[in-house]
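One structure is given here, and the rest of the page talks about it.
The sequence lines fix the lettering, A, B, ..., with proteins before strands; numbering per chain opens at 1. Owing to the predicted nature of the structure, the values given are computational and were not obtained by experimental measurement.
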Amino acid sequence: MLQVSVLRNNTEEVKKRLKVKHFGQPELVDIIVALDNERKKLQADFDATQAKVNTASREIGKLMAGGKKEDAESIKNEVAGWKATLEPLKEQMAKVEKELQDTLVLLPNLPSADVPEGKSPEENVVVREGGEKPVLAADAVPHWDLIKQYDLIDFETGAKITGSGFPLYKGKGAKLQRALVQYFLNFNTDAGYTEYLPPFMVNEASAFATGQLPDKEGQMYHATADNFYLIPTAEVPVTNIYRDTILKWEELPIKMTAYSPCFRREAGSFGKDVRGLNRVHQFEKVEIIQIVDPEKSYAVLDEMVAHVESLLVSLELPYRILRLCGGDMGFASAITYDFEVFSAAQERWLEVSSVSNFESFQTNRMKCRYKDAAGKMQLAHSLNGSSLALPRIVACLLENNQSAEGIRLPQVLHAYFGAEKIG
RNA sequence: GGUGAGGUGGGUGAGUGGCUAAAACCAGUAGUUUGCUAAACUGCCGUACGGGUCAAACUGUACCGAGGGUUCGAAUCCCUCCCUCACCGCCA
């Protein structure tokens with residue numbers, strides 16, 4: 001959520017930047033400022049009258065104590081008159097405030113100055129590529145065939161148990177998941193991130209704070225009996241650790257990592273895009289999250305990008321890093337880098353991580369603040385990234401490393417998996 | 001799920017209708033003093049939204065789990081809900 005003060009003081013600049021995100025309702029900015037003006041005016045009126053009531057009430061107390069009952073009664077009558085005017089003011093204020101709030105949450109975060117212009121994924125900018133695309137044998141097959149061949153995942157039974165998009169990992173397939181999660185978590189804790197294992201369902205307040213509500217309600221599974229949402233990413237519960245919190249300056253940066261299953265309804269899409277592990281409703285992911293001093297958030301962003309990159313390098317996968325263009329960015333993000341790995345058998349890039357700086361967009365919703373060196377209250381900045389989402393990593397590991405002798409695993413996984421190859 | 005107790009500021013904790021934004025203590029912070037691996041004393045020390053100011057000072061309103069209600073006036077009384085703790089039940 002953007003701060004009204006920002007909209008008020010930089011109205012034109014805000015509209016200009018919203019345009020980079022291809023946001024369709026720039027007029028909301030003016031509406032919000034107008035609503036806020038109205039809010040202020042109403043509050044001034046209300047406060048002045050309430051002050052009179054408070055003063056009179058104290059007076060009544062003194063008069064009663066002094067036994068001057070009649071004087072007290074006459075003031076009471078006066079107070080009753082003021083209070084009558086207070087009621088409609090209060091209602092009006094609540095109405096305007098709600099309208100202001102409801103409108104404010106419709107505005108996406110402003111893209112940072114580094115965000116490239118563009119509307120669609122084709123306009124994302126490739127920042128760099130790394131690793132080497134393997135040259136596969138002529139009979140190389142996509143991961144869904146390899147999964148069958150080595151009996152790693154049973155999609156059909158997963159569909160029977162729950163529905164399509166809920167894979168049932170089996171045998172070495174299941175063990176590979178465990179190995180990857182372990183490896184990723186250790187990689188992150190070695191870099192100074194504190195490990196958490198969060199709840200996998202969250203309440204409404206938490207879903208709102210990180211921006212899933214009201215924007216993406218339909219994308220989450222909703223347990224209506226208790227009004228809980230299944231998390232689409234560990235970002236939601238973990239970032240919410242610091243909801244309604246005032247941090248001390250020295251506590252920053254806060255670095256957290258967490259494994260969680262991720263649940264996504266993701267309606268739409270078809271065909272090749274959704275085959276095998278390309279798109280599923282439940283998948284495993286390890287996430288990294290930081291809450292930092294605003295001055296340092298862009299340096300931290302670079303650090304997180306480098307961290308994820310080194311993780312990919314260690315997996316010996318060909319990858320590329322994209323800077324998303326305005327039109328392809330998420331609602332809450334100020335800048336996003338996507339990581340994609342090359343799936344050699346499908347001959348396409350698959351997204352495996354997304355590292356974003358949210359600046360104060362989430363922390364403003366969450367009321368996550370800190371006291372700076374001068375003792376002044378400031379909103380912290382929040383960032384997060386995947387390190388990494390498993391399904392597509394698995395798809396690429398399988399496809400890129402297939403051979404007549406089985407699937408070779410990168411060195412770093414040997415100890416975790418207990419073998420050097422599958423098959 | 002049942003019964004009971006309780007939810008007050010960073011922490012402990014007082015406060016059962018007005019003089020309480022809220023005692024006291026601890027922590028924190030600024031300073032004084034003595035001096036030495038620290039002590040003593042003094043001041044300051046919640047948040048939000050307004051007004052005010054270059055910025056302060058100053059000032060208004062709200063907030064004592066959340067939301068309603070009673071009252072001229074509520075942390076304090078009433079109602080609903082949430083949460084925590086204890087015991088019981090059920091259960092991995």
Contacts of A:Tyr193 meeting ring-ring contact (aromatic ring centres under 6.0 Å, His included) (sequence neighbours excluded), chain-then-number -> A:His307
In whole Å, what separates the P atom of B:A55 from that of B:G67? 33 Å
Rounded distance in Å between the P positions of B:C81 and B:U3: 12 Å
Could you check whether any side-chain N or O of A:Glu251 sits under 3.5 Å from a backbone N or O of A:Lys248, counting only pairs where one atom can act as donor and the other as acceptor? yes
Re B:C91: Watson-Crick or G-U wobble partner, both distances kept under 3.5 Å, found to be none
The side chain of A:Asp36 is closest to which nucleotide in this list: B:G50, B:G60, B:C72? B:G50
Which whole-number value in Å describes the distance from A:Lys40 NZ to B:G51 C1'? 10 Å
Given atom CD of A:Glu97 and atom C1' of B:G50, what is their separation to the nearest angstrom? 11 Å
Within the structure, does a side-chain N or O atom of A:Asn54 lie under 4.0 Å from either OP1 or OP2 of B:U61? yes
Rounded distance in Å - NZ (A:Lys69) to P (B:G18): 17 Å
Which side chain to side chain donor-acceptor pair (under 3.5 Å) pairs, counting each pair once, include a residue from residues 197-206 of chain A, with sequence neighbours left out? A:Asn203-A:Ser206, A:Glu204-A:Asn227, A:Ser206-A:Arg243
What integer number of Å spans the C1' atoms of B:G89 and B:G28? 47 Å
For A:Ala56, report the nucleic acid contact type (base, sugar-phosphate, nothing); a contact means any heavy atom under 4.0 Å. nothing
Sequence-distant partners of A:Tyr221, ring-ring contact (aromatic ring centres under 6.0 Å, His included), two or more places apart: none
Whole angstrom value for the distance that separates P of B:G50 from CD of A:Glu38: 14 Å
Rounding to an integer number of angstrom, what distance separates B:U8 and B:U84 when you compare their P atoms? 14 Å
With sequence neighbours left out, write down each residue that passes salt bridge (charged side-chain N to carboxylate O under 4.0 Å, His left out) with A:Glu195, or none if nothing qualifies. none
Sequence neighbours left out, what passes salt bridge (charged side-chain N to carboxylate O under 4.0 Å, His left out) with A:Arg58? Give chain and number order. none
Can you give each donor-acceptor pair under 3.5 Å made by side-chain atoms of residues 415-423 of chain A, sequence neighbours left out, with the distance rounded to 0.1 Å?
from     : atom 1 : to       : atom 2 : distance (Å)
A:Tyr416 : OH     : A:Asn186 : ND2    : 2.8
A:Lys421 : NZ     : A:Glu405 : O      : 3.3

Counterpart residues, salt bridge (charged side-chain N to carboxylate O under 4.0 Å, His left out), relative to A:Asp71 (two or more places apart): none
Taking atom types as modelled, find out whether A:Tyr183 and A:Ser314 have a side-chain donor-acceptor pair closer than 3.5 angstrom. yes
What is the pairing partner of B:U53, taking Watson-Crick or G-U wobble pairs with both distances under 3.5 Å in any strand? none
Quick one: which of B:G50, B:C72, B:U61 gets closest to the side chain of A:Ala44? B:G50
What distance, rounded to whole Å, do you find between the two P atoms, one in B:G43 and one in B:A23? 14 Å
Base paired to B:G9 (Watson-Crick or G-U; both N/O distances under 3.5 angstrom): none
Given the C1' atoms of B:U80 and B:A86, what is the spacing between them in whole Å? 24 Å
Between A:Asp47 and A:Ile60, which has a closest nucleotide on RNA chain B that is more 5'? A:Asp47
Sort out the partner of B:C44 for me: Watson-Crick or G-U wobble, both distances under 3.5 Å, none otherwise. B:G28
Under-4.0 Å salt bridge between A:Glu303 and A:Lys296: no
Please say whether the positively charged group of A:Arg365, taken as NZ for Lys or CZ for Arg, lies over the ring of A:Phe208, i.e. under 6.0 angstrom from the six-membered ring centre and within 45 degrees of the axis. yes
Look at A:Asn203 and B:C82 and indicate whether a side-chain polar atom (N or O) is within less than 4.0 Å of OP1 or OP2. no
Under 3.5 Å, which N/O atoms of the protein pair with N/O atoms of nucleotides 45-48 of chain B?
from  : atom 1 : to       : atom 2 : distance (Å)
B:U47 : OP1    : A:Lys371 : NZ     : 2.8
B:U47 : O3'    : A:Arg369 : NH1    : 3.3
B:A48 : OP1    : A:Arg369 : NH1    : 3.1

Can you tell me how far P of B:G51 sits from CZ of A:Phe46, to the nearest Å? 16 Å
Can you measure A:Phe228 atom CZ to B:C82 atom P for me and round it to whole angstrom units? 11 Å
Within residues 72-90 of chain A, those residues having any heavy atom closer than 4.0 Å to RNA chain B are A:Lys76, A:Val79, A:Lys83
Nearest whole angstrom, please: distance from the C1' of B:U59 to the CD of A:Gln50. 16 Å
For RNA chain B, determine which residues of residues 1-10 of chain A have any heavy atom closer than 4.0 angstrom to one of its atoms, and list them numerically. none
Roughly how many Å apart are B:G69 and B:G10, using the P atom of each and rounding to a whole number? 28 Å
Partners passing ring-ring contact (aromatic ring centres under 6.0 Å, His included) against A:Phe23 (at least two apart in sequence or in another chain): none
Pairwise P distance, B:G7 and B:U61 [rounded to whole Å]: 28 Å
Quick test of your reading of the model: are A:Asp30 and A:Lys15 salt-bridged, counting only N-O distances below 4.0 Å? yes
Those residues that, when tested against A:Phe361, pass ring-ring contact (aromatic ring centres under 6.0 Å, His included) (two or more places apart): A:Phe331
Paired to B:A23 by Watson-Crick or G-U wobble criteria (both distances under 3.5 Å) is none
Quickly work out the A:Glu250 CD to B:A27 C1' distance and round it to whole Å. 13 Å
Name the pairing partner of B:U3, where a pair is Watson-Crick or G-U wobble with both distances under 3.5 Å, or state none. B:A86
Would you tell me if any nitrogen or oxygen in the side chain of A:Arg39 comes within less than 4.0 Å of OP1 or OP2 on B:C49? no
Pairing nucleotide - B:U80, Watson-Crick or G-U, each distance under 3.5 Å: B:A66
